[in-house]
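Everything on this sheet refers to the single structure shown next.
We use all heavy atoms of the structure for the numbers below, so side chains are in, but hydrogens, waters and symmetry mates are not.
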Amino acid sequence: MGPQSQAAPARRPPPTWVLDVQAPEPLDALLRQYLDLGRFQAQVQQAAGMRASGEPGDAPTEGTISRSELRRLVAAAPDQARALLEAEGHFNADVRVAMAEEVPGQPIRITMLVDPGPRATVSRLQLVFEGELDNGLGRDDTAALALSDRLSREFLLAEGNTFRQALWSQAKVATLAILRAEGYAAATWSGTSATVDAQANTAKLFLVADSGPLFHFGPIEVEGLARQPLSAVRNSAFFQQGEPYRERKLLDFQERLQKLNLFDSVLVSLEEDPVVAAAAPVRVQVKESKLQQATLGIGVSSDTGPRGSIEHLHRLLWGQPVQARSKLQLGRDESLVQSDLTAHPRPGGRRWLGAVAFSREVDDDEVVTYNGRLRFGESDDGDRMEKLAFLEYQRSRVTGGQGDLLSDASALTGMRQWLWKDVDSVVLPTRGLTFNGSLGVGHSFATIDSSGLFARAHARLNWYKPLPSRWYLSVRQELGQVLAREQVDVPDALLFRAGGDESVRGYGHRSLGEVVDGVTLGGRVLSTASVEASHPLLDRFPALWGALFVDVGDAALNWKQWDPAWGYGAGVRWRSPVGPLRLDVARAARTGQYRLHFSVGIAL
């Protein structure tokens with residue numbers, strides 16, 4: 001019988017430990033995240049979890065370290081912590097680390113005690129300029145002085161502010177960005193320094209910026225045009241060659257080109273070579289959209305029922321610089337045919353426009369309204385505000401359920417319209433403002449009552465504001481009035497009605513207005529308002545929101561007869577792949593009845 005074999009001594013498992021950082025918030029979390037002890041601890045715990053689950057591969061050995069390596073990490077931890085704290089402005093931190101004795105079967109406890117001490121503050125900021133900006137300051141140039149004052153005023157680490165390494169880096173980037181945006185496109189830092197007095201807890205900042213030359217707009221060079229005329233691009237620029245460069249004007253130029261609906265993509269840039277600063281070329285790279293485009297659409301809403309539509313867009317009608325958009329829509333309660341012509345921009349950005357449209361609309365009380373419209377004018381597309389000025393001929397014919405004629409009038413109107421939109425999302429905005437306002441004067445031509453002069457004003461404002469705890473507020477206000485002698489008949493399309501999905505929910509579409517013999521007609525005054533608070537319903541589906549709302553308003557013959565109707569309820573909003581969907585259940589305070597409001601539309 002051979003010699004008795006001896007069992008090998010059991011091998012100790014790799015060490016595990018718990019890091020206890022005792023420091024003020026948020027420094028404790030910062031140290032746990034970035035210290036090597038914290039990072040390796042997370043790796044060891046992850047490897048232990050993989051071994052416990054029996055996952056294949058290299059998991060059993062990943063994330064393990066030896067006891068000697070752990071002792072090295074503990075020894076290096078104070079210096080690492082002090083370096084991290086200095087980046088946060090604490091240059092006199094007291095850091096102590098203690099490592100407990102190892103107990104079999106238990107993690108080793110490593111305790112770090114941190115007294116960060118006071119933060120350093122900026123005692124002096126000196127911002128010096130070289131290049132053309134310095135020359136302008138020497139000449140007491142107004143623009144140069146204003147820019148210098150702005151850079152000093154907006155520097156993120158002004159005198160008296162707490163010094164932090166992250167803010168120091170951000171301040172340098174932000175200052176250089178302002179310099180480049182205000183005409184000095186080749187600006188760089190010649191040198192920067194932050195001198196810290198650790199004993200006094202102060203920092204002195206010294207920066208030298210070489211502005212380089214002041215850039216001026218040069219010729220516009222366009223790439224990518226195949227069919228569209230060069231004038232469509234050049235006429236959208238609101239700057240002249242030789243004008244001092246401003247980044248904002250370049251971005252506005254790019255935005256206007258995108259709004260033309262002629263290009264799938266637009267990229268505008270400036271040649272930043274200082275050699276050509278006196279006339280820096282503006283490069284425009286575009287990809288043209290398809291010359292023609294057809295869109296089919298189907299939808300349904302509680303206001304007008306089911307509908308189907310076909311829309312055609314031609315971006316260069318008969319080879320001329322004109323876009324033509326035509327639409328045919330057939331629906332249960334609303335049908336229309338229309339065609340809009342929009343010319344390419346003229347110098348300065350203005351565009352001629354023309355439109356013709358015919359529609360038929362059926363209201364809840366079986367009143368049928370026929371409208372015809374012919375319009376000619378021009379649009380002026382600003383940076384955020386679109387302004388329209390046009391002359392319009394419009395005729396409206398209203399018949400009752402038995403075919404009896406209730407109103408028949410036409411009008412020639414001169415109108416000014418303003419459209420403003422500044423929101424974070426067109427589909428489901430949560431922040432910003434939209435405004436639609438119009439003013440007009442005209443003369444009506446009636447077949448039942450008298451003809452005569454009238455004036456019309458209308459405004460609609462939407463405001464969106466994020467609230468705490470992921471709530472979002474939206475407020476809507478709409479006002480309108482037609483001024484005319486009482487006997488003057490104004491076309492129904494120029495009058496006002498309220499009620500429905502986009503007005504006072506809880507009431508039928510266009511059911512609030514002037515009531516004559518039990519039939520609702522358009523009123524001469526309008527005032528509605530809405531307040532809605534919404535919130536995401538599920539974290540897993542962030543596009544699905546719930547909403548609570550209150551609506552109020554009315555349309556009437558005059559303000560004495562204006563009697564506001566209240567509606568309130570709840571609903572859901574879904575930013576779906578096929579478009580925005582909404583569903584509301586509202587209660588009408590006047591009648592106590594509930595009404596379902598919904599809107600679904602799909603473009604094919």
Side-chain angles (χ1 to χ4, degrees), residues 248 251-252 254-261 299 301 303 325 340 342 349 351 353 355 375 377-390 415-440 456-467 470-481 494 496-505 509-510 526-536 543 545 547-553 555 567 571-576 579-584 586 597-601 603:
R248 180 71 259 171
L251 295 175
D252 291 342
Q254 179 169 295
E255 184 176 349
R256 282 190 293 272
L257 289 175
Q258 292 168 337
K259 289 181 178 179
L260 290 180
N261 197 28
S301 74
D303 286 347
R325 185 186 298 273
D340 298 303
T342 306
R351 298 191 285 173
L353 57 88
R375 175 186 295 180
E378 72 170 6
S379 68
D380 183 2
D381 301 338
D383 298 337
R384 297 191 183 274
M385 177 79 76
E386 179 182 356
K387 294 176 284 187
L388 304 174
F390 54 87
M415 192 76 69
R416 288 280 294 177
Q417 187 173 10
W418 298 267
L419 305 173
W420 168 279
K421 183 174 291 186
D422 184 14
V423 291
D424 57 349
S425 169
V426 177
V427 177
L428 192 62
T430 62
R431 182 191 301 273
L433 189 73
T434 67
F435 172 78
N436 186 338
S438 62
L439 289 173
R456 184 181 190 274
H458 176 258
R460 182 183 176 103
L461 180 71
N462 291 81
W463 179 59
Y464 306 93
K465 175 70 174 179
L467 299 177
R470 298 175 66 200
W471 280 93
Y472 298 91
L473 177 70
S474 65
V475 179
R476 184 188 73 240
Q477 175 71 65
E478 186 174 14
L479 294 169
Q481 183 164 7
L494 295 174
F496 305 104
R497 302 195 196 191
D501 186 38
E502 294 292 334
S503 183
V504 183
R505 285 162 286 190
H509 179 51
R510 290 164 44 94
L526 169 74
S527 178
T528 67
S530 174
V531 177
E532 179 172 300
S534 54
H535 191 280
W545 290 19
L548 300 172
F549 59 84
V550 176
D551 299 340
V552 61
V572 293
R573 313 281 180 263
W574 183 27
R575 193 185 306 185
S576 75
L581 308 179
R582 55 185 296 165
L583 175 67
D584 292 322
H597 297 275
F598 58 90
S599 177
V600 180

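Here Ser599 contributes atom OG and Asp303 contributes atom CG; the two are 8.0 Å apart, rounded to the nearest 0.5 Å. Remark: Glu502 CD to Arg476 CZ distance equals 7.0 Å, nearest 0.5 Å. Rounded to the nearest 0.5 Å, atoms CZ (Arg573) and CG (Leu581) are 11.0 Å apart. Atom OH of Tyr472 sits about 8.0 Å away from atom NE2 of His535, to the nearest 0.5 Å. Atom-to-atom distance recorded for Thr434:OG1 and Trp463:CH2 is 13.0 Å, nearest 0.5 angstrom. Note that the CZ atom of Phe598 and the CG atom of Asp584 stand 11.5 Å from one another [nearest 0.5 Å].
In this structure, Phe496 and His458 have parallel ring planes: the angle between them is below the 30° cut-off, well short of the 60° mark.
Remark: Arg510 engages Asp363 in a side chain to side chain donor-acceptor pair (under 3.5 Å) (not counting sequence neighbours). Under the salt bridge (Lys or Arg N to Asp or Glu O under 4.0 Å) criterion, Asp501 pairs with Arg582, not counting sequence neighbours. Every residue meeting the side chain to side chain contact (heavy atoms under 4.5 Å, CB included) condition with Ser527, not counting sequence neighbours, appears here in chain and number order: Gln477, Leu479, Trp559, Trp562.
Asp424 places a side-chain N or O within 3.5 Å of a backbone atom of Arg431 that can act as its donor or acceptor partner. Side-chain atoms of Arg256 do not come within 3.5 Å of backbone N or O of Gly349 as any donor-acceptor pair.
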Step-by-step side-chain contact (heavy atoms from CB on, under 4.5 Å) determination, Trp574 to Leu583: CA-CA 9 Å; Trp574 183 27; Leu583 175 67; over 6 Å; no
Residue pair Asp551, Arg505: steps toward the salt bridge (Lys or Arg N to Asp or Glu O under 4.0 Å) verdict: CA-CA 6 Å; Asp551 299 340; Arg505 285 162 286 190; 2.6 Å; yes
From CA spacing to verdict: side-chain contact (heavy atoms from CB on, under 4.5 Å), Asn436, Lys421: CA-CA 9 Å; Asn436 186 338; Lys421 183 174 291 186; over 6 Å; no
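Results of the side-chain hydrogen bond (donor to acceptor under 3.5 Å, both in side chains) test with Arg351 over Thr342, Asp380, Asp381 single out Asp381 as the only residue that passes. Remark: of the listed residues Val475, Leu473, Val423, Val423 is the sole one forming a side-chain contact (heavy atoms from CB on, under 4.5 Å) with Tyr464.
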